[in-house]
Protein chains: 2
Amino acid sequence: MPDQISELTTNRLSLYLRYLNELYGKGVRTVSSKVLAEQLGVHAALIRRDLSNFGELGVRGVGYVVEDLRRELRSILGLDRKLGVAIIGAGNLGLALADYPGFRREGFRIVALFDNLQTKVGSVSRGGVAIHDIRDLEEIARREAITIAVIAVPEASAREVVQTVVEAGITAVLNFSPGALRVPPHVKLKSVDLTVSLESLSFYLAREAGRSQNGD
Amino acid sequence: MPDQISELTTNRLSLYLRYLNELYGKGVRTVSSKVLAEQLGVHAALIRRDLSNFGELGVRGVGYVVEDLRRELRSILGLDRKLGVAIIGAGNLGLALADYPGFRREGFRIVALFDNLQTKVGSVSRGGVAIHDIRDLEEIARREAITIAVIAVPEASAREVVQTVVEAGITAVLNFSPGALRVPPHVKLKSVDLTVSLESLSFYLAREAGRSQNGD
DNA sequence: TTTTGTGAAACGCTTCACAGCT
DNA sequence: AGCTGTGAAGCGTTTCACAAAA
């Protein structure tokens, strides 16, 4: 078992698990890397390579036993225990993320929202997640065993918030705020930059436009 | 100028532009790849390589002229014209995205939300973006020159919605729904999978946990 | 001297192709 | 025969290191 697994691989593991859940629900017993590959739009050898990082999970001549591989992946991804999640920032995005069904489905426990605006503190999201004062983060994080923070605050407060999160002892951060954040080495930071995603698409459109009209 | 630019590069171009905007606001005249690199946490040579794809944008011995590079990047990313964006799905996430300030800032025009639920059609988001019937997408897309669709619908309807979007003549799609989507080759699809992002973090936590407690 | 632009080396990820197991 | 697991090849991205320019 190699000691460093790339993020590209872990992302795909999550995709494999999602499809295995679907197969499991349908009562399918085994699945080959070929079938998995066709469904997910990746190469079969890549799936075998990804899975082989964690042992010999398949059966030669047969494929992968759906129930076993599903259990294995859940364990590899750490989804067999319920992880506590805090959402920082009770703006539009934070509230939407707090109620996002995809987070609850695979064993995450959305414990609370946090904000610094006193007018928001004390109320709840539509789905019933309570909004607390950001100053209570550390206490609640310890009490509720929160290990993941999702940051959805404006760019201006992002740095300060990350600091608060790290000081509260949280070691995994999913960041939706724009801008580069720095965290200590023991903290894992993953950023989803919505503006970057959209501008990247814009680049594609700009290129296509230039490509179709050739010197007229 | 190479004819294929990787998505890794275009994502970084967007980050460079964001920081250049900041420098421009502060009145800074020039910046070196070294300074840029330190701020953004990437290697200086990578920045030079990225930019060199689009010509000789810098000045040897000096660095890059902030105003010029900023203008150049805006043009490269196609942000010098205002692109029309439609958000499909007026749930929590769609509504949050419609009002997301980061989208408006860099020259995108959020034209409308679309949903199939008649109870939502006719109302507006908090920020004032109107919700239309998804059946009117094609007509409105043509009239308002919408070139980008942001998909924020439940997994079950995602496939159908992509089809509708493609038929409406939209050629760039930013997808927030889980699951693999297939689009024709002339359409650019970029997916942000929130569940995958969170599960990837969970993997990191599972690994760390196993690492600290060694056989006790 | 400073800093870019870029061949060449290094690195990492994916695919090929097949031995090995069922 | 069928399908996994994997060494080796292939390919794309990043970093090194330095010539060229200001």
Side-chain angles (χ1 to χ4, degrees), chain A residues 1-16 19-20 23 28-73 76 180 196 200 203-204, chain B residues 1-16 19-20 23 28-70 72-73 76 180 196 200 203:
Chain A
M1 183 143 55
D3 61 21
Q4 268 309 74
I5 301 292
S6 93
E7 205 156 307
L8 295 169
T9 298
T10 63
N11 287 346
R12 283 190 301 264
L13 293 179
S14 170
L15 292 176
Y16 303 159
Y19 187 60
L20 283 160
L23 292 177
V28 176
R29 296 193 65 88
T30 67
V31 65
S32 68
S33 59
K34 185 153 171 283
V35 168
L36 225 43
E38 276 158 15
Q39 285 304 316
L40 301 174
V42 303
H43 205 284
L46 184 55
I47 294 179
R48 296 201 298 277
R49 174 83 60 194
D50 282 343
L51 296 176
S52 74
N53 284 312
F54 306 97
E56 307 215 347
L57 270 33
V59 184
R60 289 168 196 234
V62 176
Y64 298 89
V65 176
V66 171
E67 185 174 352
D68 295 353
L69 184 56
R70 175 176 175 272
R71 187 175 348 94
E72 202 67 54
L73 282 175
I76 290 165
V196 166
S200 201
F203 172 86
Y204 166 83
Chain B
M1 181 143 57
D3 59 21
Q4 268 308 76
I5 301 291
S6 93
E7 204 156 308
L8 295 168
T9 298
T10 64
N11 287 347
R12 284 190 300 264
L13 293 179
S14 171
L15 292 175
Y16 303 159
Y19 186 59
L20 283 160
L23 292 177
V28 177
R29 297 193 65 86
T30 66
V31 65
S32 68
S33 59
K34 183 153 172 284
V35 169
L36 225 44
E38 275 158 15
Q39 286 305 315
L40 300 175
V42 303
H43 205 285
L46 183 54
I47 294 179
R48 297 202 297 276
R49 175 83 60 195
D50 283 343
L51 296 177
S52 74
N53 284 312
F54 305 97
E56 308 217 345
L57 270 32
V59 184
R60 289 167 196 237
V62 175
Y64 298 89
V65 176
V66 171
E67 185 175 351
D68 295 352
L69 184 56
R70 175 177 176 270
E72 201 67 54
L73 282 176
I76 290 165
V196 166
S200 202
F203 172 86

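Order of the sequence lines fixes the chain letters, A, B, ..., with proteins taken first and strands second; residue numbering starts at 1 for each chain. Note that this is a predicted model, so its numbers are computed, not measured.
For Arg60(A) and dC21(C), the CZ to C1' distance is 5 Å, given to the nearest whole Å. As rounded to whole Å, 14 Å separates atom P of dC3(D) from atom CD1 of Ile47(A). Computed from coordinates, the Glu72(B) CD to dT4(C) C1' distance equals 16 Å when rounded to whole Å. Asp68(B) places its CG atom 15 Å from the C1' atom of dT4(C), with the value rounded to the nearest Å. The nearest whole Å value for the distance from the CG atom in Leu51(B) to the C1' atom in dT3(C) is 13 Å. Asn53(B) places its CG atom 11 Å from the P atom of dG5(C), with the value rounded to the nearest Å. One interatomic measurement links the two molecules: CG of Asn11(B) to P of dT13(D), which rounds to 12 Å at whole-angstrom precision. One atom, CG of Leu69(A), and another, C1' of dC3(D), lie 14 Å apart when rounded to the nearest Å.
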Could you walk me through whether Thr10(B) and Tyr204(A) pass the side chain to side chain contact (heavy atoms under 4.5 Å, CB included) check?
CA-CA 9 Å; Thr10(B) 64; Tyr204(A) 166 83; over 6 Å; no
When you look at Arg70(B) and Tyr64(B), which way does the side chain to side chain contact (heavy atoms under 4.5 Å, CB included) test go after all the steps?
CA-CA 10 Å; Arg70(B) 175 177 176 270; Tyr64(B) 298 89; over 6 Å; no
With side chain to side chain contact (heavy atoms under 4.5 Å, CB included) as the criterion, how do Leu13(B) and Leu51(B) come out once you've worked through the C-alpha distance, each side chain's angles and the decisive distance to 0.1 Å?
CA-CA 8 Å; Leu13(B) 293 179; Leu51(B) 296 177; 4.2 Å; yes
For the pair Asp68(B) and Leu57(B), evaluate side chain to side chain contact (heavy atoms under 4.5 Å, CB included) and give the outcome as yes or no after the intermediate values.
CA-CA 8 Å; Asp68(B) 295 352; Leu57(B) 270 32; over 6 Å; no
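For the pair Ala37(A) and His43(A), the tightest heavy-atom approach, listed with the atom from each and the gap, is CB-C, 3.9 Å. Here the shortest heavy-atom pairing between Phe203(A) and Ile76(B) reads CD1-O, 3.3 Å.
Residue Arg48(B) is the one, among Arg48(B) and Gly61(A), whose nearest nucleotide of DNA chain C lies closer to the 5' end (criterion: closest heavy atom).
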Could you run through nucleotides 7-15 of chain C and give me one letter per nucleotide, 5' to 3': B if any protein heavy atom sits under 4.0 Å from the base, S if only the sugar-phosphate is that close, - if neither?
BB----SSB
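Side-chain contact between Arg12(A) and Leu46(A): present, with at least one pair of heavy atoms (C-beta onward) separated by less than 4.5 Å. Taking the side chain as every heavy atom from C-beta outward, Tyr19(A) and Leu15(A) never approach each other to under 4.5 Å.
Of the residues in residues 31-39 of chain B, those with a non-hydrogen atom less than 4.0 angstrom from any atom of DNA chain C are Ser32(B), Ser33(B).
Side-chain atoms of Asn11(A) never come within 3.5 Å of backbone atoms of Leu8(A) as a donor-acceptor pair (strictly under, hydrogens ignored).
Side-chain N/O atoms of Tyr64(B) include one lying less than 4.0 angstrom from OP1 or OP2 on dG5(C).
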